[in-house]
Structures are given as C-alpha cells and as structure tokens.
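Encoded as structure tokens, the structure appears first; notes follow it.
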Amino acid sequence: TKQLINTQEAERKRIAGELHDSLGQKLLIIKNKLLSEMKAQKDNSRLNELSGLTSDTLQEVRNISYNLHPYQLEQLGLTKAIESILKSVSDAGNIKFRADIDKIDSVFHQQSEINIYRVIQECMNNILKHSSASEVDISIKKKDNILSIHVFDNGKGFISEDHQNIKEGRGIGLMGISERVKLLDGKFDIESSYGKGTRIQIDIPYPSLS
C-alpha cells in the first residue's frame with residue numbers, strides 16, 4: 001500500500017507539472033493574444049467571450065494542478081496548506097468553518113506531511129460532496145506526542161449496516177483516509193447517524209515519524 005500511494009503521489013506531481021508548464025502556459029499565451037486583438041478591434045464582443053472562456057479554463061487547469069500536487073505544501077508549509085483547503089471548501093460549498101489548528105510545520109517528514117494533507121483533503125471532499133452540511137468544526141492539535149485531528153459536520157450523516165466497515169474506510173470514499181492513517185501508524189474512528197451529522201477522529205503519533 002505504501003509503495004502504491006508513493007507511486008500515485010509521484011505520478012500526480014508529474015501530471016501537475018505538465019499541466020502547469022505546458023497546457024497552462026499555452027492557455028496563458030492564447031489569453032494574452034486575445035487581449036491584444038481586443039485592443040486593436042472596436043467590435044470585440046466575440047473576442048471578449050473567448051478571452052473569458054480562456055481565463056476560466058486556465059483557472060480550472062490551475063485548480064486541477066493544485067489538487068493533483070499541493071505546491072503550497074512545499075512553499076508555505078503544512079499548516080497554511082490545510083488552511084487553504086478549508087477556505088476552498090468553504091467558498092465552494094458556502095459552509096461555515098470553525099477551525100482550531102496548531103502550527104504543525106516540520107513536525108513530520110515530507111511524505112507524512114503529504115499523507116496528512118491528503119487525509120484532510122479527503123475529509124473535506126466528502127463533506128462537500130455528500131454531507132449537505134452548513135457548519136463544520138475542525139481541530140488539529142498537538143498533545144503528548146500525538147497529532148489529534150477531529151472533524152465534525154452537521155450534515156445528513158449516513159447509516160452503515162457494518163460499523164467496522166466504516167472504521168476501516170470501506171465505502172463513502174473513506175478507504176483512502178483509512179489507508180493513509182495506517183501508513184502514519186495512526187488510529188481512525190468515525191461516527192455517523194442519519195440526520196445527526198458525522199464525526200471523525202484521527203490520532204497520529206509523530207515521534208516515530210520524524
């Protein structure tokens with residue numbers, strides 16, 4: 001599993017780089033040429049439409065590239081990268097966040113930081129796609145050599161016939177979270193019931209990972 005996840009991350013980084021450096025740059029060139037043509041022509045409604053479409057496509061490429069490989073994680077650190085996820089999800093889903101996040105930069109080695117980032121990212125994606133929540137509480141705290149991640153949403157929740165399957169991450173898009181937490185030697189628990197939201201608790205020891 002570790003080798004598979006590492007291979008996936010390496011491939012994501014490669015594709016993200018190609019999107020940014022190749023497709024992104026070509027779209028930027030097209031946009032600049034359209035802007036030049038718009039300045040030269042009086043009736044430029046069609047060019048204006050094409051320019052807007054190009055700008056939207058360029059932003060989509062940047063978003064896909066960032067989701068594939070979080071450059072902000074390398075440039076600004078894990079704490080800021082997580083805060084960026086929360087802002088993005090809040091803006092996309094009109095969700096109110098209450099966040100209490102310790103600074104956790106340089107606590108873990110690079111591969112562990114990527115796994116923690118992906119865990120948070122997948123938690124937020126599940127909330128955005130499935131929960132219909134309006135409020136989310138998230139805390140990421142360091143205590144007694146344990147990184148404690150607690151996420152609660154007030155969404156519709158879900159019912160599982162086998163609670164153990166949920167804890168192990170089977171179904172509802174939670175397999176990736178479960179596998180990454182295992183790689184981090186952590187513990188993963190989830191509680192959810194219909195109409196009462198979903199609560200996730202993840203505890204990750206960090207001395208052994210540093």
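If you read the sequence from its start, that first residue is 1, and numbering goes on from there.
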Count I, L, V, M, F, W, Y as connected when their side-chain heavy atoms are under 4.5 Å apart, and connections chain through other members. Are [X] and [Y] then in the same cluster?
| X | Y | answer |
| --- | --- | --- |
| Ile204 | Tyr206 | yes |
| Phe188 | Phe152 | no |
| Leu174 | Val119 | yes |
| Leu128 | Ile138 | yes |

Legend entry - Full working for side chain to side chain contact (heavy atoms under 4.5 Å, CB included) between Val136 and Arg98: CA-CA 6 Å; Val136 174; Arg98 289 183 290 269; over 6 Å; no
For [X] and [Y], indicate whether the former's side chain and the latter's backbone hold a donor-acceptor pair under 3.5 Å.
| X | Y | result |
| --- | --- | --- |
| Thr54 | Leu50 | yes |
| Thr79 | Ile104 | yes |
| Ser84 | Lys80 | no |

Quick check: do [X] and [Y] have side-chain heavy atoms less than 4.5 Å from each other?
| X | Y | answer |
| --- | --- | --- |
| Ile190 | Thr198 | yes |
| Ile177 | Ile202 | yes |
| Ser139 | Ile101 | no |

If you round to the nearest 0.5 Å, how far is [atom2] of [Y] from [atom1] of [X]?
| X | Y | atom1 | atom2 | answer |
| --- | --- | --- | --- | --- |
| Ile85 | Tyr117 | CD1 | OH | 4.0 Å |
| Leu183 | Arg118 | CG | CZ | 14.0 Å |
| Asp105 | Leu76 | CG | CG | 9.0 Å |
| Glu122 | Lys129 | CD | NZ | 6.5 Å |
| Ser192 | Lys156 | OG | NZ | 10.5 Å |
| Asn115 | Ile120 | CG | CD1 | 12.0 Å |

Inset, instruction - Say whether Gln201 and Ser148, considering side chains only, have a donor N or O and an acceptor N or O under 3.5 Å apart. - result: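 Side-chain D/A pair, Gln201 to Ser148: present.
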Inset, instruction - May I ask you to check whether Ser134 and Asn154 show a side-chain donor-acceptor distance below 3.5 Å? - result: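 Distance-only check passes for Ser134 and Asn154.
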Write down the atom of [X], the atom of [Y], and the distance for their closest heavy-atom approach.
| X | Y | value |
| --- | --- | --- |
| Pro205 | Phe108 | O-CE2, 4.0 Å |
| Ile95 | Ala133 | CG1-O, 3.6 Å |
| Lys141 | Asp100 | NZ-OD1, 3.3 Å |

Inspect the surroundings of [atom1] in [X] and state if more than 12 heavy atoms from other residues, nucleotides or ligands are less than 6.0 Å away.
| X | atom1 | result |
| --- | --- | --- |
| Lys142 | NZ | yes |
| Lys103 | NZ | no |
| Asn94 | CG | no |

Inset, instruction - Determine, stepwise, if the pair Leu184 / Ser112 fulfils side chain to side chain contact (heavy atoms under 4.5 Å, CB included). - result: CA-CA 7 Å; Leu184 293 162; Ser112 294; 3.7 Å; yes
Legend entry - CA sep, side-chain torsions, deciding dist, call: Met124, Val151, side chain to side chain contact (heavy atoms under 4.5 Å, CB included): CA-CA 9 Å; Met124 295 303 106; Val151 182; 3.9 Å; yes
Inset, instruction - Check the pair Val89 / Phe97 against side chain to side chain contact (heavy atoms under 4.5 Å, CB included), numbers first and verdict last. - result: CA-CA 9 Å; Val89 174; Phe97 277 86; 3.9 Å; yes
Inset, instruction - From the options Asp203, Asp102, Ile116, select the one residue that forms a side-chain contact (heavy atoms from CB on, under 4.5 Å) with Leu147. - result: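 Of all the options given, the one that passes is Ile116.
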